[in-house]
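Hydrogens, waters and symmetry mates play no part in the numbers below; they use all other heavy atoms, side chains included.
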Amino acid sequence: MIEPYLSFNGDCEEAFLWYEAIFNGEIQYMSKFMLQHGDIPEHSITPTSSEYQTKVMHAQLKLTDNGTISGADVTYPIETGNRVSIHVYLPNEQFAQKVISALSEDGIILSELSTNPPPDEDGKSGSVIDKYGFTWIITTMKSTV
């Protein structure tokens with residue numbers, strides 16, 4: 001599955017609620033950086049600044065019967081033109097690592113493939129800006145081996 005991934009400067013929840021109303025869609029998932037008990041785990045992709053503790057870590061919105069978008073409030077600088085990333089769900093860690101390695105040739109690794117923070121810790125994600133300037137978010141379930 002491939003879906004557009006929208007990057008926001010702190011207003012992801014507001015935007016997704018707006019898109020949901022416009023499309024008569026359904027927010028299928030929305031997690032925030034702050035866990036319900038208020039603790040933020042130590043993790044390389046989890047921001048610790050207080051302003052991000054209530055922001056969206058990952059959201060998914062069903063727009064149509066066969067179309068979804070995902071998005072998040074990101075901690076890296078974004079401008080018009082780099083606000084859409086390509087989010088790819090892959091079947092296993094080995095393939096995901098191979099894809100990240102290949103995409104990073106002459107590109108930039110934003111985050112290595114690593115375990116997602118709670119509540120998404122059953123999966124792993126990494127992100128890369130490829131040599132053409134496109135941001136790829138690669139996600140897979142963690143191997144049980």
Side-chain angles (χ1 to χ4, degrees), residues 1-20 23 25-36 39-145:
M1 172 172 65
I2 298 174
E3 65 189 19
Y5 202 94
L6 310 180
S7 298
F8 294 88
N9 281 320
D11 52 1
C12 180
E13 182 173 16
E14 176 184 320
F16 268 55
L17 291 171
W18 188 58
Y19 298 148
E20 179 183 41
F23 286 94
E26 177 186 352
I27 292 178
Q28 297 178 315
Y29 185 83
M30 187 175 292
S31 62
K32 302 215 176 162
F33 286 106
M34 181 158 73
L35 302 179
Q36 290 184 0
D39 295 328
I40 294 195
E42 291 295 323
H43 193 277
S44 62
I45 65 169
T46 303
T48 56
S49 69
S50 60
E51 72 179 88
Y52 262 85
Q53 291 182 9
T54 59
K55 300 302 180 186
V56 174
M57 181 172 65
H58 178 70
Q60 187 173 43
L61 171 63
K62 182 177 180 180
L63 294 175
T64 64
D65 286 341
N66 59 359
T68 61
I69 59 172
S70 288
D73 292 311
V74 298
T75 57
Y76 52 86
I78 57 172
E79 299 174 11
T80 301
N82 73 340
R83 294 183 60 147
V84 176
S85 302
I86 303 161
H87 193 185
V88 182
Y89 294 89
L90 296 176
N92 60 63
E93 279 185 59
Q94 294 75 20
F95 186 47
Q97 187 58 58
K98 180 180 175 184
V99 167
I100 286 175
S101 294
L103 287 172
S104 68
E105 290 179 23
D106 297 324
I108 302 166
I109 294 179
L110 296 173
S111 64
E112 297 284 349
L113 187 66
S114 59
T115 301
N116 296 328
D120 302 319
E121 67 270 21
D122 290 340
K124 286 190 165 192
S125 295
S127 57
V128 174
I129 298 174
D130 71 17
K131 64 184 177 181
Y132 302 104
F134 292 101
T135 301
W136 295 83
I137 300 167
I138 307 300
T139 299
T140 187
M141 295 303 291
K142 283 195 322 190
S143 296
T144 56
V145 179

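- Using a 4.0 Å cut-off between charged side-chain N and carboxylate O, Lys131 and Glu105 make no salt bridge.
- For the pair Thr135/Ile86, no side-chain contact is recorded, criterion being any heavy-atom separation below 4.5 Å from C-beta on.
- When atom types are taken as modelled, the side chain of Asn92 and the backbone of Phe95 share a donor-acceptor pair closer than 3.5 angstrom.
- A donor-acceptor pair under 3.5 Å is formed between the side chain of Ser111 and the backbone N or O of Ser127.
- Minimum interatomic distance between Gly71 and Tyr5 (heavy atoms only, all atoms of both residues): O-OH, 3.5 Å.
- Using cut-offs of 30° and 60° on the angle between ring planes, the pair His58 and Tyr29 is tilted.
- Contact detail for Gln28 and Thr68: the closest heavy-atom pair is OE1-CG2, 3.8 Å.
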Inset, instruction - Kindly determine whether Asp130 and Trp136 satisfy side-chain contact (heavy atoms from CB on, under 4.5 Å), including the steps that lead there. - result: CA-CA 7 Å; Asp130 71 17; Trp136 295 83; 2.9 Å; yes
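- Under the 3.5 Å distance criterion, the side-chain polar atoms of Lys55 are matched with a main-chain donor or acceptor of Gly10.
- Considering all non-hydrogen atoms of both residues, Ser70 and Phe16 come closest at C-CZ, 3.6 Å.
- The backbone N or O of Asn116 sits nowhere less than 3.5 Å from a side-chain atom of Ser125 that would complete a donor-acceptor pair.
- Nearest heavy atom pair, residue Asp73 against residue Cys12, reads OD1-N, 3.0 Å.
- Between Glu121 and Lys142 there is no salt bridge, since none of the side-chain N atoms of the basic residue sits less than 4.0 Å from a carboxylate O of the acidic one.
- A distance of 15.5 Å separates CH2 in Trp18 from CD in Glu13, rounded to the nearest 0.5 Å.
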